[in-house]
A.B. asks: 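The structure's right below; bear with me while I get my questions together.
These numbers come from a predicted model, not from an experiment. We name chains A, B, ... by the order of the sequence lines, and we start the count at 1 in each one.
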There are 2 protein chains.
Amino acid sequence: MTDKSKAPPDRKTALLDSAERAARSRGFDGFSYADLAKDVGIRTASIHYHFPSKADLSTALMQRYHESFAAICEEIDAHHATGGARLQALIDRYRIAHNDAQWVCLCVAFSISRESLSPEVVGQISRFRAMMRKWIGAVFELGRSDGTILNTSDSAIEAAATLSLLEGAQLSARAEENPARFEEAMAHLASRVR
Amino acid sequence: MTDKSKAPPDRKTALLDSAERAARSRGFDGFSYADLAKDVGIRTASIHYHFPSKADLSTALMQRYHESFAAICEEIDAHHATGGARLQALIDRYRIAHNDAQWVCLCVAFSISRESLSPEVVGQISRFRAMMRKWIGAVFELGRSDGTILNTSDSAIEAAATLSLLEGAQLSARAEENPARFEEAMAHLASRVR
DNA sequence: GAGATGCTACCTACTAGTAGATAGATGTCA
DNA sequence: TGACATCTATCTACTAGTAGGTAGCATCTC
């Protein structure tokens, strides 16, 4: 009769959370098992029980990231009917995600360290970005047809540009430790939303 | 009687070159003195003669990067009379710099590893970005007055957005190992240039 | 219902290897 | 002769990962 209202101390999830924070604030090469161990409160050796190698950890990290972002996109679709509203909701999500100029998207953090990553994770990055481009492209097509995004060109190109801009905006804010940079970077795109 | 037509084996410059390539392709935490030593052909201990610590090396790297980019901006000003032509020349520079989706700008590479860097270098990153924003802002003002950049809004905001977009575009191309991502990301901005 | 078995989730203690950094000797050239 | 540049040899701290062990719980069997 364990108390079901209180979640078990799911260490595996705690490790993933800690690793995600670490990767997004310091990069893939910027954290060690020792950091995670200290953060979660177990020994480094015990991490290997959950994730035999750092490659396994990063794969799990990217998989969870992909799934959670897919869910976010679905949620946006469910709550916002127009292209403009969906685009604005995505921008808001990236604003939250960069956590006051402290973090970047996991995909950005991993991209820099690409050469330290397993081929599997490099593939996961591409698949994540393809999913995002596809979803953003659909948002732009909706926005053009319902008139809530102005001056739209080819949706695939708009999607690639928007993803680059969102990531670049997070990076700028982080580089200068100034959240205002994110807003400035997004201002032009935001002004096209009705 | 060394051949003066052939540059002397300036090790310090060679080390900076090697470190810059390494940082821009693998990030600040992604290369070691051992990598540089192997690349340049000396022992790791000898690197400490030129750069006592990795912090000194990264400071020198950022300083040289700042100066070389300031020179690039001056050169663009000297060779291109209109705002549109100057903006296009800057985009071309970033296209060359990302070296077929292999590299990113040093400032991007360092931003990710911000927490591993000395406060000095963090300051240098901000100063580099401020310089670039100022120069890009002036380009947008010229482009508005001479009519070679369309639909310009506040030049400071345009500058911040353009810098974010350029960096985000490099990052996207690198993340997916596909130079086309850079072009797609820049397409909308490029279409505003006359 | 008691003992045996096996699983989960950790532990201590260790390995081989790499990180940046240092001291002091050596070679080279004007 | 002496400054400069590089070397060998070494250091301490840390890296991911491994070996082997164990407490506690669940399940199976007699």
A.B. asks: May I have the distance from B:His48 (atom NE2) to C:dA19 (atom P), rounded to whole angstrom?
C.D. replies: 11 Å

A.B. asks: Rounded to whole Å, please give me the gap between CG in B:Asp35 and P in C:dA19.
C.D. replies: 6 Å

A.B. asks: Rounded to whole angstroms, how far apart are CG on A:Leu57 and C1' on D:dG17?
C.D. replies: 14 Å

A.B. asks: Reckon B:Phe31 touches a base, only the sugar-phosphate, or nothing at all at heavy-atom distances under 4.0 Å?
C.D. replies: sugar-phosphate

A.B. asks: Is the phosphate of C:dA9 approached by A:Ser46 (side-chain N or O, under 4.0 Å from OP1 or OP2)?
C.D. replies: no

A.B. asks: Any side-chain N or O of A:Arg11 less than 4.0 Å from the OP1 or OP2 oxygen of C:dC10?
C.D. replies: yes

A.B. asks: Taking for each residue the nucleotide of DNA chain C bearing the nearest heavy atom, is the 5' side occupied by B:Phe51 or by A:Ala45?
C.D. replies: A:Ala45

A.B. asks: Looking only at the side chains, is there a donor atom on one of B:Ser53 and B:Asp56 sitting less than 3.5 Å from an acceptor on the other?
C.D. replies: yes

A.B. asks: Taking B:Asp92 first and then B:Arg95, would you say they form a salt bridge - that is, a charged N and a carboxylate O separated by under 4.0 Å?
C.D. replies: yes

A.B. asks: Between P on C:dC10 and CZ on A:Arg43, what's the gap in Å once rounded to a whole number?
C.D. replies: 13 Å

A.B. asks: Between A:Glu184 and A:Arg181 (salt bridge meaning N to carboxylate O under 4.0 Å), is one present in this structure?
C.D. replies: yes

A.B. asks: State whether B:Ser32 places a side-chain N or O below 4.0 Å from either non-bridging phosphate oxygen (OP1 or OP2) of C:dT18.
C.D. replies: no

A.B. asks: Run the salt-bridge test on B:Arg192 and B:Glu158 with the 4.0 Å N-O cut-off and return the result as yes or no.
C.D. replies: yes

A.B. asks: What integer distance in Å separates B:Ile47:CD1 from C:dA21:P?
C.D. replies: 11 Å

A.B. asks: Across the strands shown, which category fits B:Tyr33 at heavy-atom distances under 4.0 angstrom: base, sugar-phosphate, nothing?
C.D. replies: sugar-phosphate

A.B. asks: Could you give the CG-to-P distance, from A:Leu15 to C:dA9, as a whole number of Å?
C.D. replies: 12 Å

A.B. asks: Starting at NZ of B:Lys54 and ending at P of C:dA21, how long is that distance when rounded to a whole Å?
C.D. replies: 9 Å

A.B. asks: Looking at B:His50, does any N or O in its side chain come under 4.0 Å of the phosphate oxygens OP1/OP2 on D:dT6?
C.D. replies: yes

A.B. asks: Given the side-chain rings of A:Tyr94 and A:Phe69, with only the six-membered ring counted for Trp, is the space between their centroids under 6.0 Å?
C.D. replies: yes

A.B. asks: Between C1' on C:dT18 and CG on A:Asp29, what's the gap in Å once rounded to a whole number?
C.D. replies: 13 Å

A.B. asks: At under 4.0 Å, does any side-chain N or O of A:Tyr49 touch on OP1 or OP2 of C:dC10?
C.D. replies: no

